[in-house]
Every structure is written in structure tokens, then in C-alpha cells.
Amino acid sequence: MIIDVHGHAGPWFFSTEVGSVELNLALMDRYGIDRQIVSASEAVTYDMVSGNSWLAEVLETQPRLLGYVVVNPNDLAAAARELEKYRATGRFVGVKVHTTYPGQPLMSAAVRDALGLAAEAGLPVLVHTWDETVLGLVDVLERYPDLRVIAGHMGGPAWRTAVEAARRSDRLYLEPCCSITDRGRFRYALDRVPLAQMLFGTDSTLVDPAVAMGVVLEADLTDDEYDHVMGRNAAGLFGLEAETDPTA
Amino acid sequence: MPVERQEIDLDVDVLFGVVPSRRLDASLEAVAELHKRHRIRRGLVCSLRSALFDACTGNDEMRKARERAGFVPVGAVDVRDALTAEAEIERLVASGVRLLRLFPPEQWVEADSPGLAHLVDVAVGHGMVLLTSGDLSSFWRPFAGRGARVCFLDVHAYRVADFVVLARREPGFVASTRMLCGPDSIERIAGEVGAHHLAYGSRAPLHDVLPSALRLRTAGLDDREWRQVAGGTAAAWLADPA
């Protein structure tokens with residue numbers, strides 16, 4: 001089973017027609033992706049509350065999709081309410097924290113506290129990481145012993161630093177989606193980070209899954225590596241092990 | 001995926017040499033092997049020595065690529081030294097090199113650099129085709145209004161609209177597909193301004209090749225458009241119709 005841990009749902013403001021959930025499913029079919037964990041683009045870029053609400057309605061009718069509750073670090077009280085509201089549905093299996101749109105650096109107190117909320121809720125967090133501050137996640141993980149964090153984009157251009165961070169904490173996971181496809185980036189990580197911490201993510205529908213698929217396949221994974229990266233690790237992290245047929 | 005979409009004819013974004021920021025085999029032999037593995041027939045190849053250290057000796061090194069099947073030599077100049085670069089363009093033209101690659105971000109050159117604008121004029125005056133890195137949203141300006149034939153190698157999916165509005169009035173503007181990674185980025189440009197404004201580029205060996213190759217191979221283009229992007233656009237620069 002292939003699980004994509006970094007998906008988006010809804011339109012974006014770039015010149016691209018990616019607003020339809022049907023596109024999520026069509027791209028999943030094209031690349032053999034069984035489950036995709038998505039956040040609402042509206043919640044990421046604009047309004048956490050209305051975006052999460054929209055996604056909750058989508059998830060009611062789309063069994064192959066699961067959700068991230070988007071948490072805006074600028075309003076932690078509202079974020080706590082969102083977590084309480086949507087965790088109970090069973091359709092939201094993680095938390096998404098972006099840094100660009102809320103205008104909060106990864107190492108800000110606000111982001112740290114937002115991650116703390118996720119730890120309290122017992123949910124893994126997908127965090128947008130794009131520079132050397134990804135290393136600071138190690139300190140945050142030490143502060144919250146129950147926290148599990150996915151470094152989205154594997155640090156972007158700072159992927160070597162992301163690898164160093166993942167070597168320092170067994171609760172820091174890496175997923176590779178990125179439009180910068182530096183050669184050998186994923187193999188570099190596989191050779192240094194415990195296999196259990198490596199995940200597959202695409203950034204679909206903002207980015208075509210061909211890019212992340214290409215990055216992973218270029219790494220010449222062994223069967224065991226492929227099995228863990230493409231599904232097994234995510235199933236364990238998000239508690240999806242018992243689910244084999246999402247359409248059942 | 002149709003069998004005829006397995007082979008890509010021309011890769012417009014190929015480098016070789018030494019990569020000081022990485023431990024990476026970027027030799028010409030390694031690049032050739034990458035292309036072979038990914039079924040890419042030919043590449044427009046430029047020396048990293050030219051880009052990062054010394055344009056003249058780098059271009060001499062690059063010319064040796066001619067001896068190897070599958071590579072078309074691309075010259076380079078150092079925009080930080082526009083005076084030497086003028087003479088180097090003359091030398092390149094005299095030796096039959098028809099493509100010139102510019103590296104403004106790698107050489108810490110701003111989009112409004114006088115030297116950059118001047119060198120674009122010199123190269124265009126010699127009928128050269130230009131390949132350039134840099135964010136399209138700022139680096140379009142020195143190439144506009146000059147009748148330049150230029151391939152922007154770093155056009156991101158987020159800049160599709162900017163590229164389309166530029167291409168409507170600049171017939172020589174082409175976008176490399178490497179970072180046109182959205183599910184409809186390539187298709188949208190082809191539909192808006194035509195596939196002749198697109199060319200496949202991988203940035204081998206600095207970047208993984210399969211992501212860009214797989215995106216092109218799965219692109220929703222008709223066969224004629226696909227062949228145009230996979231080689232036709234660049235072949236036209238070489239007066240060598242695919």
C-alpha cells in the first residue's frame with residue numbers, strides 16, 4: 001500500500017487548476033497511491049477554521065483521503081478547539097503546521113507551542129521545513145516527549161541538515177517532496193537515517209506526484225526500503241495498520 | 001505510458017565538471033551514463049568550470065564534448081567580468097558555438113546588472129541562443145524587447161502565469177520543463193502559447209533526472225506537442241529539425 005503523507009486539497013492562487021478533489025484521486029490512480037493525507041489549502045494559506053471545516057465535509061465522502069487538522073500558530077486557543085473538534089471524527093489523523101503563511105519562523109515560540117498542542121492531542125505533525133532551522137526541531141522534540149514530527153520537504157534546500165536532525169531524534173521523520181530535486185538527496189537520507197523514519201510524500205495536487213515518485217525511484221530502493229518508505233512507516237505513524245481497503 | 005514517449009531527444013539543461021557544494025560525480029562520462037539510463041538521446045552541455053571559475057578554460061574544456069556523441073556544446077561567460085566576456089563571446093562564435101549559457105544567480109549577478117544587459121545584446125547580435133538560470137519574475141527583463149531567443153531554465157510552476165504573459169509578446173522565450181512540476185503546468189503553457197515555448201531540461205547531473213523525465217512522459221500533450229517539447233524546440237535552435 002502506498003501512503004502519501006503530504007497532500008493538499010483545494011485551490012491555490014497560482015496559475016493551476018488544482019481545486020478539485022477529483023484531481024487528487026485521478027493523480028493517486030495514475031501513480032498507484034492508495035491513501036493520501038491532505039490539508040485544506042484554505043486553512044494553510046488563509047482561514048484555519050473555515051478551511052478545516054471544508055475539509056471535514058470532503059473527508060466524509062472520500063474514504064481514500066485522510067486529513068490533517070491545520071493549526072495556525074497565531075491563535076493557539078482556536079487551534080486547540082480545532083484539534084478537539086476534528087480529532088474525534090477519526091478522519092483527521094495528523095496536524096499540519098505551516099510557517100510561511102502564518103508568518104511565524106519554525107523556531108518561534110508560537111510554532112513551538114503549536115507543536116506542543118499536537119503532542120497533547122497525540123497526533124503526528126507535518127511541519128513545513130525549508131532552511132537550516134529544521135535542526136531546531138530536535139530541541140522541540142526533547143521538550144515534548146510524546147511529539148512526533150514530519151519534516152515536510154526534508155528541509156528543502158537544507159536537506160543535509162534535515163538528515164542530521166533526523167539522526168538526533170527517532171521521533172523526527174523525513175518526507176521528500178520538493179521541486180528542487182538535488183541528485184541523490186533521498187539516497188543520502190536513506191543511508192544515514194533509520195529506515196523507520198523515512199516517509200513518502202508528494203505535495204499533490206500542488207505538485208504532480210511524478211516528481212516525488214521520480215526522486216524515490218532514483219534512489220534505487222531495496223524491496224524492504226520501498227515497503228517501509230512507501231507505506232509501512234506511515235501506517236504505523238498514523239495508526240492505519242489495520243486498514244487495508246479504504247473503500248470498504 | 002506510450003512507448004514513443006520513452007525516448008527524450010534533447011535535454012537543454014546539462015552540466016559537467018566539478019561541483020564544489022556536493023560530493024558528486026559530474027564528469028562527462030557520468031552525465032552520459034545518466035542520459036543513457038534515462039533514455040535521453042542528446043544534451044546541450046556546458047562546463048561548470050566556465051560557470052564557477054574561469055569561462056575561457058571552461059569553454060575550451062566544453063569544446064572537447066563535441067568529440068563525444070550525444071552532446072552539443074554550450075558556451076558560458078562570467079557576467080561579473082563583462083569586458084572579458086565580450087571577447088569570449090566573439091571567440092565562441094568564431095569557433096562555431098551557437099548557444100550561450102548565463103549563470104546570473106550562481107555568479108551573484110542581479111537582474112538589473114548593466115553587464116548582463118550588455119552581454120545579452122552582444123550575444124543576440126551574434127544570433128546566439130541563450131540559456132539562463134534565475135527566477136523568471138526578475139530575470140525576464142534583460143532579455144525582453146531584444147528579439148532574444150532564450151530558454152529560462154528555472155521557471156517554476158508558480159511562475160506559469162508570468163511566463164505565459166511574457167511569451168505572448170516574446171516569440172523567442174522558452175521555458176525549461178524541469179520545475180514546471182504542477183499537474184497542469186506544462187499543459188497550460190502549451191495550451192496558452194504553444195509547445196514551441198517549452199523544452200525539456202533535467203539539470204543533469206546536479207538534479208535527479210527521473211522527476212522531470214517522468215513528468216514530461218506523463219504530460220497531457222498530444223503527440224506533436226510532446227515531440228516538440230522533448231526535442232523539437234531545441235533542435236530548431238540547432239537548425240536541426242527533429
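By convention in this document, chain letters (A, B, ...) are assigned in the order of the sequence lines, proteins followed by strands, and residues within each chain are numbered from 1. Since this is a predicted model, take the numbers as computed values, not measurements.
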Original post:
Would you say the side chains of Glu218(A) and His38(B) form a donor-acceptor pair under 3.5 Å?
Top reply: yes

Original post:
Under a 4.5 Å cut-off applied to non-hydrogen side-chain atoms, are Ile180(A) and His207(B) in contact?
Top reply: yes

**OP:** Would you give the length of the straight line joining atom CG of Asp182(A) to atom CG of Asp208(B), rounded to the nearest 0.5 angstrom?
**Re:** 8.5 Å

Subject >> Interface residue of largest heavy-atom contact number with chain A, from Arg188(B), Arg203(B), Met179(B), Arg217(B), under 4.5 Å >> reply: Arg188(B)

Original post:
When rounded to the nearest 0.5 angstrom, what is the spacing between CG in Asp208(A) and CG in Leu180(B)?
Top reply: 11.5 Å

**OP:** Select, from Gly182(B), Pro205(B), Ala157(B), Ala161(B), the one with the greatest count of heavy-atom pairs under 4.5 Å involving chain A.
**Re:** Pro205(B)

**OP:** Look at the side chain of Arg22(B) and the backbone N and O of Arg183(A), then say whether any donor-acceptor pair between them is shorter than 3.5 Å.
**Re:** yes

**OP:** Would you sort out whether Tyr31(A) and Thr218(B) count as a side chain to side chain contact (heavy atoms under 4.5 Å, CB included), showing the intermediate values?
**Re:** CA-CA 10 Å; Tyr31(A) 297 102; Thr218(B) 58; 3.1 Å; yes

Original post:
In Å and rounded to the nearest 0.5 Å, what is the CZ to OH distance from Arg23(B) to Tyr188(A)?
Top reply: 10.0 Å

Subject >> Minimum heavy-atom distance Leu23(A)-Pro183(B), with the two atoms named >> reply: CD2-CG, 4.1 Å

Original post:
Does the side chain of Thr181(A) come within less than 4.5 Å of Ser212(B)'s, by heavy atoms?
Top reply: no

Subject >> Val164(B) side chain reached by Ser15(A) side chain, heavy atoms, under 4.5 Å >> reply: no

